[in-house]
Amino acid sequence: QVQLEESGGGLVQAGDSLRLSCAASGRIFSNYAMGWFRQAPGKEREFVAAISWSGGTTYYASSVKGRFTISKGNAKNMVYLQMNSLKPEDTAEYCCAVASPFRYSSSNYYAEDVYDYWGQGTQVTVSS
């Protein structure tokens, strides 16, 4: 089994920063990319950011580019999402996910069906 555990969410004010963490464990294929998605109340889940196994390639949704940074830890099973200049519209549950090494590519990193394993999520609430 594969487990993903997110942490770091909370209630902050607009303009503040938060750092989310995600730890992957269990039987996972090697060289897997990871991603962050979010889902706001009443809305569909949306792509936020993705990072390659090596950490050398990153992708961002246009809504967060320049404010959020995805990174890998020294242990490749860790992924972080540094969120700066938070806005009320960033309020959502944030989930990390592990991508299939067979389906993930530079042309579909944003698609949910590329990801095989998902965490439970951590809530981020940004007040105005």
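Treat the numbers as computed from the prediction; the structure is a model and nothing was measured. When a residue number appears, it is its place in the shown sequence, counting from 1. FYI, side chains are in, hydrogens and waters are out, and symmetry mates aren't considered; it's all heavy atoms of this structure.
- Here the side chains of Phe68 and Leu86 are in contact, with some heavy-atom distance below 4.5 Å.
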task = Determine, stepwise, if the pair Cys22 / Met78 fulfils side chain to side chain contact (heavy atoms under 4.5 Å, CB included).
result = CA-CA 6 Å; Cys22 174; Met78 292 294 300; over 6 Å; no
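- In the hydrophobic clustering of ILVMFWY residues, with side-chain heavy atoms under 4.5 Å counting as a link, Tyr32 and Val2 come out together.
- In terms of heavy atoms, Ala49 sits closest to Leu81 at CB-CD1, 4.2 Å.
- Here Asp16 pairs with Val12, Gln13 under the side chain to side chain contact (heavy atoms under 4.5 Å, CB included) rule; sequence neighbours left out.
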Thr125/Gln123 under side chain to side chain contact (heavy atoms under 4.5 Å, CB included): CA gap, chis, key distance, verdict = CA-CA 6 Å; Thr125 303; Gln123 180 67 34; 3.4 Å; yes
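- By the 4.5 Å heavy-atom criterion applied to side chains, Ile70 and Trp36 are counted as neighbours.
- In this structure, Ser128 has no side chain to side chain donor-acceptor pair (under 3.5 Å) partners at least two apart in sequence or on a different chain.
- Connection of Tyr117 to Tyr104 is not established within any shared hydrophobic cluster, with ILVMFWY side chains joined at heavy-atom distances below 4.5 Å, either directly or through further cluster members.
- Under the salt bridge (charged side-chain N to carboxylate O under 4.0 Å, His left out) criterion, Arg19 pairs with no residue at all, not counting sequence neighbours.
- In this structure, the side chain to side chain contact (heavy atoms under 4.5 Å, CB included) partners of Ser100, at least two apart in sequence or on a different chain, are Phe102, Arg103, Asp116.
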task = Output, in order, the C-alpha distance, side-chain angles, deciding distance and verdict of side chain to side chain contact (heavy atoms under 4.5 Å, CB included) for Leu20 and Val124.
result = CA-CA 9 Å; Leu20 305 184; Val124 172; 4.0 Å; yes
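- Contact record, Ala24 with Leu4: CB-CD2, 3.2 Å, taken as the closest heavy-atom pair.
- A search for side chain to side chain contact (heavy atoms under 4.5 Å, CB included) contacts involving Ser17 returns Gln82, Asn84, not counting sequence neighbours.
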Just distance, no hydrogens or angles: give the donor-acceptor pairs under 3.5 Å from side chains in residues 89-98, sequence neighbours left out.
unit_1	atom_1	unit_2	atom_2	d
Asp90	OD1	Arg38	NH1	2.9
Asp90	OD1	Arg67	NH2	3.0
Asp90	OD2	Arg67	NH1	2.7
Asp90	OD2	Arg67	NH2	3.4
Asp90	OD2	Lys87	N	2.8
Thr91	OG1	Pro88	O	2.9
Thr91	OG1	Val126	N	2.9
Thr91	OG1	Val126	O	3.4
Tyr94	OH	Arg38	NH1	2.9
Tyr94	OH	Asp90	O	2.6

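- Legend: residues meeting ring pair (Phe, Tyr, Trp, His ring centres under 6.0 Å) with Phe47, ordered by chain and number and at least two apart, are Phe37, Tyr109.
- Take Trp118 and apply the side chain to side chain donor-acceptor pair (under 3.5 Å) test, not counting sequence neighbours, and it matches no residue.
- Pairs passing the salt bridge (Lys or Arg N to Asp or Glu O under 4.0 Å) check and including a residue from residues 117-128, sequence neighbours excluded, do not occur.
- When side chains are defined from C-beta on, Lys72 counts as touching Ile51, because their heavy atoms get closer than 4.5 Å.
- For Gln1, the side chain to side chain contact (heavy atoms under 4.5 Å, CB included) partners two or more places apart in sequence, or in a different chain, are Gln3.
- Residues passing the side chain to side chain donor-acceptor pair (under 3.5 Å) test with Ser21: none are found, sequence neighbours excluded.
- Residues passing the side chain to side chain donor-acceptor pair (under 3.5 Å) test with Gln39: none are found, sequence neighbours excluded.
- Looking at Thr69 and Tyr60, their side chains come closer than 4.5 Å, going by heavy atoms from C-beta outward.
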